[in-house]
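Everything numeric here is computed off the predicted structure, so don't read it as measured data.
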Protein chains: 2
Amino acid sequence: MQLSPLTEAFTLHFGEMGSRWGINRTVGQIYALLYVSERALPADEIAEILGFSRSNVSLGLKELQSWRLVRLQHLPGDRREHFSTLGDIWQIVRVLAEERRRREIDPTLSVLRELIMETPGGEADRYAQTRLREMHDLIELIMRWSEDVQKLDTADLTQLLKLGGRVVALLELKNRLPLIGRGRREPAMSHDSDGSHDQELET
Amino acid sequence: MQLSPLTEAFTLHFGEMGSRWGINRTVGQIYALLYVSERALPADEIAEILGFSRSNVSLGLKELQSWRLVRLQHLPGDRREHFSTLGDIWQIVRVLAEERRRREIDPTLSVLRELIMETPGGEADRYAQTRLREMHDLIELIMRWSEDVQKLDTADLTQLLKLGGRVVALLELKNRLPLIGRGRREPAMSHDSDGSHDQELET
DNA sequence: TCGAAGTTCCAGAAATTACTGGAACATGGA
DNA sequence: TCCATGTTCCAGTAATTTCTGGAACTTCGA
């Protein structure tokens, strides 16, 4: 099997982008190839198409599987394992977000928490801790939000995205309706000490 | 000047995270150090504190400046240039998002557009192009949204984040109010051919 | 149980990326 | 203008990451 110029251009670009992102170039290219391929491909075909060694492809596929970004399937009449990407692009985004959170964000949050708990060794440490807390709270806020939003079905998500900044108009609306919203505005970066997270909209 | 254990732990972790992200380890550490430092630091102090060569620090600072993540300032009575991070953490997020878009997303979108425009060289290319289009449209949708949301002031943004998935309740509300919403639901990944982006809420 | 086909692992080679020291260059005060 | 101080650039070196080929292992049908 040969690589069409179109697919070649895409895999090359994707590999390049991947390497800026902590994903290595070959892994990126393998993913790109599977992404645009209509049928699932076995490892040796991938190696042949992209010109990588068999073991390199094997490593790459293992990595992609650990990210849950490629699926393994068996085709009738063929003993080899075939690989393909997730079909639903929104699902890809969700999986990516989850894995990144698990691998990078969560460990970072726990390091930050530990450091914030330590007794400061001086004025400098005290300042550092306030900065760390700001970072921690911000990351946590964004993560909670994204965890939450990820659960939405695709239609809701699309509608929300299309709304963009105009969602603020909805917020205003909510704040003006006393039966639904309390009309208060959170101060920036408040610590949400009561843990309520504006539950009042839940009906 | 000496590095407190707290700051050291933070810089090390941050450097590690950075290197998973395409930012090199030393650049990450420099940023982390500045982030938790109350006063701006000159390059030679940074080099001494972190134990890097003077030129490495210089390179790193240049890189950070090109990302608009550190600011240069002159202190009275000191000829040296001093560096510090942005004070407002939300601003940091905004700047980061903008730069990443400029450097990575926009080029990717334009590659995708080019490839989608090409005349397909066969059935396989035709399928590949539909996949590329899906990816392109998704990225563009998310980018438009984030561009939009970034313009919100911090209070609105915080409120929105706290709301999380419960924002859907607002969407439902909007869809139920005939004077405000049209009550229609976009099909998933529709191409928004009229370019209206639900303008009706703009009052 | 044997052999063919397929997969995984690993040690070393190759390529890439990061880092250093020093030299060239710039700037501002005397 | 000259000197002291500070900054940038660059070529070579070091460290890290990626990639390869082959050997060991696994699986399945005959």
Look up atom [atom1] in [X] and atom [atom2] in [Y], then write down how far apart they are to the nearest 0.5 Å.
{"X": "A:Thr26", "Y": "A:Ile46", "atom1": "OG1", "atom2": "CD1", "value": "11.5 Å"}
{"X": "B:Thr108", "Y": "B:Arg101", "atom1": "OG1", "atom2": "CZ", "value": "13.5 Å"}
{"X": "B:Met143", "Y": "B:Leu138", "atom1": "CE", "atom2": "CG", "value": "9.0 Å"}
{"X": "B:Glu81", "Y": "B:Arg71", "atom1": "CD", "atom2": "CZ", "value": "14.5 Å"}
{"X": "B:Leu34", "Y": "B:Arg39", "atom1": "CG", "atom2": "CZ", "value": "10.5 Å"}

Mind listing the N/O atom pairs, protein and nucleotides 22-30 of chain C, below 3.5 Å?
residue, atom, partner, partner atom, Å
C:dT27, O2, B:Arg79, NH2, 3.0

Nearest to the [X] side chain among [options], which nucleotide is it?
{"X": "A:Phe52", "options": "C:dC19, D:dC19, D:dT20", "answer": "D:dT20"}
{"X": "B:Arg80", "options": "C:dT7, D:dT18, D:dG6", "answer": "D:dG6"}
{"X": "B:Asn24", "options": "D:dT20, C:dA18, C:dT17", "answer": "C:dA18"}

Could you tell me the separation between the [atom1] atom of [X] and the [atom2] atom of [N], rounded to a whole number of Å?
{"X": "A:Ile23", "N": "D:dC19", "atom1": "CD1", "atom2": "P", "value": "13 Å"}
{"X": "B:Phe83", "N": "D:dT8", "atom1": "CZ", "atom2": "P", "value": "7 Å"}
{"X": "B:Ile30", "N": "C:dA18", "atom1": "CD1", "atom2": "P", "value": "13 Å"}
{"X": "A:Trp21", "N": "D:dT18", "atom1": "CH2", "atom2": "C1'", "value": "21 Å"}
{"X": "B:Leu59", "N": "C:dC19", "atom1": "CG", "atom2": "P", "value": "9 Å"}
{"X": "B:Leu61", "N": "D:dG6", "atom1": "CG", "atom2": "P", "value": "15 Å"}
{"X": "A:Asn56", "N": "C:dA13", "atom1": "CG", "atom2": "C1'", "value": "14 Å"}

query = Is any side-chain N or O of B:Arg54 closer than 4.0 Å to OP1 or OP2 of D:dT7?
reply = yes
ask   = Within the pair A:Ser58 and C:dT7, is there a side-chain N or O less than 4.0 Å away from OP1 or OP2?
value = no
note = Within residues 62-78 of chain B, the residues having a heavy atom closer than 4.0 Å to DNA chain C are none
ask   = Is there a side-chain contact (heavy atoms from CB on, under 4.5 Å) between B:Tyr35 and A:Glu134 once you walk through the steps?
value = CA-CA 11 Å; B:Tyr35 179 78; A:Glu134 279 178 24; 4.1 Å; yes
query = Starting at the 5' end of DNA chain D and moving along, which residue's nearest nucleotide shows up first, B:Asp44 or A:Gly22?
reply = B:Asp44
request  = Please confirm whether B:Arg103 makes a cation-pi placement over B:Trp67, using NZ or CZ under 6.0 Å from the six-membered ring centre and within 45° of the ring normal.
outcome  = yes
note = Applying salt bridge (charged side-chain N to carboxylate O under 4.0 Å, His left out) to A:Arg80 and not counting sequence neighbours gives A:Asp44, A:Asp78
message = Using heavy-atom distances to pick each residue's nearest nucleotide on DNA chain C, tell me which of A:His82 and B:Arg25 is more 5'.
response = A:His82
query = Charged N to carboxylate O below 4.0 Å: is that the case for B:Arg68 and B:Glu98?
reply = yes
